[in-house]
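Inspection log for the structure reproduced underneath, given as structure tokens.
Order of the sequence lines fixes the chain letters, A, B, ..., with proteins taken first and strands second; residue numbering starts at 1 for each chain.
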There are 2 protein chains.
Amino acid sequence: MITAKAPPPPCASGFFRKIESGPSPVAETLGLAKLRGINVAGLYRSRRSFVSHARSKPTKAKENAGASLIDDWLKPIKAKEDSDTEERAAAFPGKNLPQMSNVGNATNILWHDCPIQKQDRQQLLQQKGCVIWLTGLSGSGKSTIACALSRSLHSRGKLSYILDGDNIRHGLNHDLSFKAEDRSENIRRIGEVAKLFADAGVICITSLISPYQKDRDACRALLPKGDFIEVFIDVPLQVCEARDPKGLYKLARAGKIKGFTGIDDPYEPPCSCEIVLQQKGNGCKSPSDMAEIVISYLEENGYLRA
Amino acid sequence: MITAKAPPPPCASGFFRKIESGPSPVAETLGLAKLRGINVAGLYRSRRSFVSHARSKPTKAKENAGASLIDDWLKPIKAKEDSDTEERAAAFPGKNLPQMSNVGNATNILWHDCPIQKQDRQQLLQQKGCVIWLTGLSGSGKSTIACALSRSLHSRGKLSYILDGDNIRHGLNHDLSFKAEDRSENIRRIGEVAKLFADAGVICITSLISPYQKDRDACRALLPKGDFIEVFIDVPLQVCEARDPKGLYKLARAGKIKGFTGIDDPYEPPCSCEIVLQQKGNGCKSPSDMAEIVISYLEENGYLRA
């Protein structure tokens with residue numbers, strides 16, 4: 001075990017030293033203090049050079065007490081504040097992200113910004129983080145195409161990661177069943193995790209039936225515009241059923257599985273997805289061929305460079 | 001929208017062609033078929049050269065019908081099967097991962113393996129995926145140290161990603177409150193997501209109070225041995241309370257927040273963590289200094305190379 005010792009105040013409390021009376025020497029030196037989304041140190045030095053810590057006032061009364069000072073500070077960097085807010089809003093569209101807020105079922109949630117952002121990670125990886133959302137019937141080949149895609153990206157030196165619906169049920173979504181609300185929650189959580197991976201700069205490939213448009217749309221809404229790439233693996237039900245790689249269609253037809261997509265539960269084909277990979281008509285495409293179609297899309301849309 | 005067309009059977013159904021009567025030409029060519037965790041194509045070609053798809057038999061009766069053939073196939077690659085199973089078991093300790101299984105509240109869950117594995121991603125990134133689990137009281141400086149660590153790793157060309165407890169409550173854990181079981185579920189989910197990031201090859205930094213040993217231990221158990229690096233930010237309560245960056249201690253003392261760690265809910269210090277970062281005694285360590293202690297640990301333990 002490694003143990004590092006350091007003393008308490010003033011330096012310890014200086015991590016978050018109060019700044020009502022003006023920018024503290026600590027804030028100036030380490031750039032640690034942030035006031036309502038404004039990096040106070042940014043008044044003096046550039047934002048990316050420092051460790052910053054989000055900070056907000058405990059009570060309304062205190063905030064008002066320092067209002068004139070806050071107003072003074074806000075003026076010179078108002079433009080920057082707007083830019084930061086917009087940047088974060090774009091990364092988390094549809095969400096209002098105050099510094100301290102009530103979120104869902106929890107209260108007093110602070111948003112923590114970090115100096116290393118998505119674009120820094122993208123620069124490091126020489127790619128753009130995004131989500132490739134594979135949707136289609138059971139047995140349509142989602143997992144196979146996901147693997148082919150992952151292999152092709154890897155061969156190009158690009159970092160991808162597959163979130164497979166079945167695999168995630170072994171861990172994060174271990175507590176969810178296949179009843180309607182749990183299937184929806186399964187998709188929501190995978191969408192949220194995919195968003196984190198994309199934010200990390202990773203090309204995240206999700207592979208799950210995701211039969212309902214509203215669930216897919218909800219996941220799309222989590223990502224900045226363009227970063228959610230919906231890929232419909234369009235294989236007819238009879239082909240999937242003939243394959244029946246997991247024997248699930250047989251069980252569903254025998255009534256041993258209820259609410260099975262394509263049998264007694266609907267699959268809603270995407271109405272405006274980015275890519276359709278079809279197994280119809282003439283010609284025979286291998287999973288690798290299909291993966292290359294997605295790769296071309298990524299290349300053309302700038303996702304394979306920073 | 002890009003649309004790619006290809007026909008149905010035989011090539012479409014060939015994705016998962018039945019192999020009861022011996023390895024099919026498709027399985028041989030594309031390496032697509034897997035039988036109870038065994039890559040059938042592995043009999044003929046090396047595993048990493050192909051797209052593989054996990055496959056298991058629908059019914060017991062069918063499985064028995066092909067038993068002698070299966071037994072024959074198992075013999076030459078029995079060692080490989082064991083090796084694969086052990087590899088996956090190490091990555092997901094404490095979990096039994098059959099090809100088709102009942103998992104938690106869900107049934108018929110198949111495990112999908114992919115040819116691009118953690119070690120391939122680590123090779124690409126020239127680092128080892130792991131979880132740096134920062135634990136400590138509110139106001140102890142977890143988020144600040146997480147940011148300093150992320151910046152230091154980035155400057156070394158290493159990919160890290162911060163899972164901040166507060167930030168995750170804006171998305172994945174939006175549905176959770178601060179009541180005991182929800183706090184526990186909050187930690188469980190972050191542990192599961194951190195595991196995915198580590199599996200992706202990323203150095204994942206988590207930043208949440210995580211006051212109970214059992215919750216932290218449960219997250220540790222998700223990771224391969226050594227890959228869960230518990231870092232205790234050991235700052236005395238009175239220092240954290242003096243800082244009170246979010247004003248939460250004040251609210252807790254006033255009885256406006258119930259079950260607040262350190263006030264009316266216990267914090268259990270780690271009993272055997274990898275690193276302790278103390279704010280006690282003499283000397284004054286900046287967040288960057290503390291981050292460097294963690295960096296040294298990572299360096300010494302081989303996490304900053306593939």
ask   = Which heavy atom in B:Asp120 sits nearest to a heavy atom in A:His154, and how many Å separate them?
value =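 Shortest heavy-atom separation between B:Asp120 and A:His154 comes out as O-CE1, 3.0 Å.
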
Which answer fits [X], side chain, backbone, both or neither, if we ask what part of it has an atom under 4.5 Å from a heavy atom of chain B?
X	value
A:Ile162	side chain
A:Phe197	both
A:Leu153	neither
A:Ser207	neither
A:Glu185	side chain

ask   = With A:Lys158, which residues qualify under salt bridge (Lys or Arg N to Asp or Glu O under 4.0 Å), at least two apart?
value =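 Expected list: none.
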
ask   = For A:Arg121, what residues pass the salt bridge (Lys or Arg N to Asp or Glu O under 4.0 Å) criterion, not counting sequence neighbours?
value =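 For A:Arg121 the salt bridge (Lys or Arg N to Asp or Glu O under 4.0 Å) partners, ignoring immediate neighbours, are A:Asp199.
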
message = Working to the nearest 0.5 angstrom, can you tell me the gap between B:Asp164 CG and A:Cys114 SG?
response =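 If I round to the nearest 0.5 Å, the distance is 9.0 Å.
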
Between chain B and each of [options], count heavy-atom pairs under 4.5 Å; write down the option with the most.
options	result
A:Leu125, A:Leu159, A:Val294, A:Val231	A:Leu159
A:Ala146, A:Gly201, A:Gly157	A:Gly157
A:Arg188, A:Gln123, A:Glu230	A:Arg188

task = Apply the side-chain contact (heavy atoms from CB on, under 4.5 Å) test between A:Arg189 and each candidate in B:Leu172, B:Asn173, B:Val193; give the one that qualifies.
result = B:Leu172

